[in-house]
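Residue numbers begin at 1 in each chain, while the letters A, B, ... track the order of the sequences.
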There are 2 protein chains.
Amino acid sequence: MMALVKLADLCAKTGEAHGTTRGLAKLMGVSQQTASRYLIELEGLGLISRSRAPEGERIGITEEGSKELAALYASLRDFLERPKAELVLEGRLFTGLGEGAYYISQGGYRRQFVERLGFDPYPGTMNLRLDGRGRARRMLLDRIDPIMIEGFSDGSRGFGPVKCYRAIVEDRIEGAVLVAMRSHYGDDVIEVIAPIGLREALGLRDGQTVRIRVPPASNPPRPSA
Amino acid sequence: MMALVKLADLCAKTGEAHGTTRGLAKLMGVSQQTASRYLIELEGLGLISRSRAPEGERIGITEEGSKELAALYASLRDFLERPKAELVLEGRLFTGLGEGAYYISQGGYRRQFVERLGFDPYPGTMNLRLDGRGRARRMLLDRIDPIMIEGFSDGSRGFGPVKCYRAIVEDRIEGAVLVAMRSHYGDDVIEVIAPIGLREALGLRDGQTVRIRVPPASNPPRPSA
DNA sequence: ATTACTAGGAATCGAGTAG
DNA sequence: TCTACTCGATTCCTAGTAA
């Protein structure tokens with residue numbers, strides 16, 4: 001694989017590489033014998049084509065070889081071009097009507113919080129009213145992979161799905177921003193949950209400005225394997 | 001290296017991978033022992049960071065690791081996104097004043113043609129006047145790597161540098177398109193040379209339309225190593 | 001000069017297993 | 001369970017060299 005990549009490097013300019021096994025070996029950082037073996041193996045796999053030339057050899061990468069490289073390229077792109085910058089939201093703390101506590105205490109939500117966020121939320125949400133800049137930035141949340149909390153019904157009524165984004169409150173406490181798919185608040189409000197009571201832990205009062213950092217990778221700390 | 005790529009795959013979605021060495025091993029197609037060794041080695045190289053978690057382990061790719069991957073990504077891009085399509089130019093044959101023959105017969109040019117194009121040009125150029133579509137396409141020549149023929153002086157006068165592009169004339173004869181950096185012709189004319197006389201070989205007469213294919217890779221068949 | 005074979009040493013892998 | 005060690009098996013690399 002890496003040998004194929006090195007050859008692709010040498011083919012990048014013209015579509016084919018020219019040279020002796022010794023020269024290629026030097027460029028690839030291996031011995032002449034190894035370069036020769038690489039060429040034999042890659043040709044056997046149908047990933048490159050070779051044609052003898054008096055001055056050395058012409059090596060081209062076949063369609064199949066390009067496919068191999070393209071697959072590698074694609075997987076690197078997925079990693080490298082994923083959103084990188086974290087999102088910082090600032091808003092003023094205000095007291096709601098306590099519906100937040102009602103909702104997140106529902107077993108159907110709570111079980112999913114524990115499973116997908118990794119913590120059992122303190123029974124209450126912190127409501128923040130975003131300033132103008134914050135409202136603009138909130139749009140950027142869409143570019144981050146949400147942790148989905150599914151809707152459910154408890155028999156008497158239904159509860160809608162909720163998107164969560166891992167968040168760090170005031171640089172100290174790890175929690176999550178909730179975005180209800182059909183919120184009772186407007187676009188200028190975000191709700192934040194955490195394993196502990198944020199107001200008490202941080203000594204916050206209504207009207208204070210609170211800073212939330214949403215890292216670009218917001219998925220849960222559980223095994224992907 | 002490939003181990004780092006595999007890990008990057010697993011980190012693509014969230015920025016970090018979670019799991020046990022056994023699980024990671026399975027995803028990477030190696031044994032648990034090898035996965036463990038990979039992690040130790042990559043961490044030693046500073047390419048990844050690890051943090052133990054009760055459910056397994058959290059693995060992130062460091063800035064330095066990302067740089068490694070970005071370098072690999074860039075070299076793949078150079079190969080995969082190099083221009084692929086060939087350029088087809090069509091124009092009507094006309095007879096010039098014979099200056100073409102004078103220029104390419106100069107030893108200073110001729111030696112370079114032999115060395116860089118791999119043939120000794122027939123002493124004469126074929127002049128083609130491009131149609132409207134051809135003029136538009138000619139611009140695309142700039143996207144192809146030229147074979148540079150350097151300017152020189154023979155004592156009495158100077159000769160400017162010339163760009164060459166390998167070309168196939170009427171699908172039959174391999175030659176080259178010349179683009180003089182300071183041409184005596186306008187932008188609607190191209191000059192073509194080949195090892196043999198094109199008019200005679202192809203039975204062409206003034207006014208006929210001639211088709212030239214310029215492949216995307218136009219460098220010479222000599223050792224790059 | 002090449003390319004590529006052989007042979008032996010070096011690096012790598014994974015089964016077993018300790019902590 | 002987990003991670004990571006030892007160690008024999010295997011793979012891989014290169015020096016020497018044939019063609």
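- Rounded to whole Å, the distance from CE on B/M2 to C1' on C/dT12 is 16 Å.
- Between the NZ atom of B/K6 and the P atom of C/dC13 there is a distance of 11 Å, given to the nearest Å.
- C/dT12 atom P lies 18 Å from atom CD of B/Q32, rounded to whole Å.
- For the pair B/S36 and D/dA4, the criterion of a side-chain N or O lying under 4.0 Å from OP1 or OP2 is met.
- Between C/dC13 and B/T34, no contact under 4.0 Å exists linking OP1 or OP2 to a side-chain N or O.
- Using a 4.0 Å cut-off on heavy atoms, the residues of residues 38-52 of chain B that approach DNA chain C are B/Y38, listed by number.
- Between B/E57 atom CD and D/dA4 atom C1' there is a gap of 11 Å when expressed in whole angstrom units.
- For the residue pair A/Y73 and B/E81, a side-chain donor N or O sits within less than 3.5 Å of a side-chain acceptor on the partner.
- Summarising the geometry, the separation between CG on A/L24 and C1' on C/dT2 is reported as 13 Å, rounded to the nearest angstrom.
- In this model, the phosphate group of D/dC12 is not approached by any side-chain N or O of A/R37 to a distance below 4.0 Å at OP1 or OP2.
- A distance-only check finds no donor-acceptor pair linking the side chain of B/R199 to the backbone of B/M126 [under 3.5 Å].
- Candidate nucleotides C/dC5, D/dA4, C/dT2 were compared by shortest atom distance to the side chain of A/Q33, and C/dC5 ranks first.
- Contact between A/R166 and A/G118 at its shortest, heavy atoms only, is NH2-N, 4.5 Å.
- Between the side chain of B/T62 and the main chain of B/G46, a donor-acceptor pair closer than 3.5 Å is present.
- Residues passing the ring pair (Phe, Tyr, Trp, His ring centres under 6.0 Å) test with A/F152 are A/Y109, A/F159, sequence neighbours excluded.
- At whole-Å resolution of the value, CZ in B/R22 and P in C/dG16 are 12 Å apart.
- In this structure, B/K163 contributes its side chain and B/P146 its backbone to no donor-acceptor pair below 3.5 Å.
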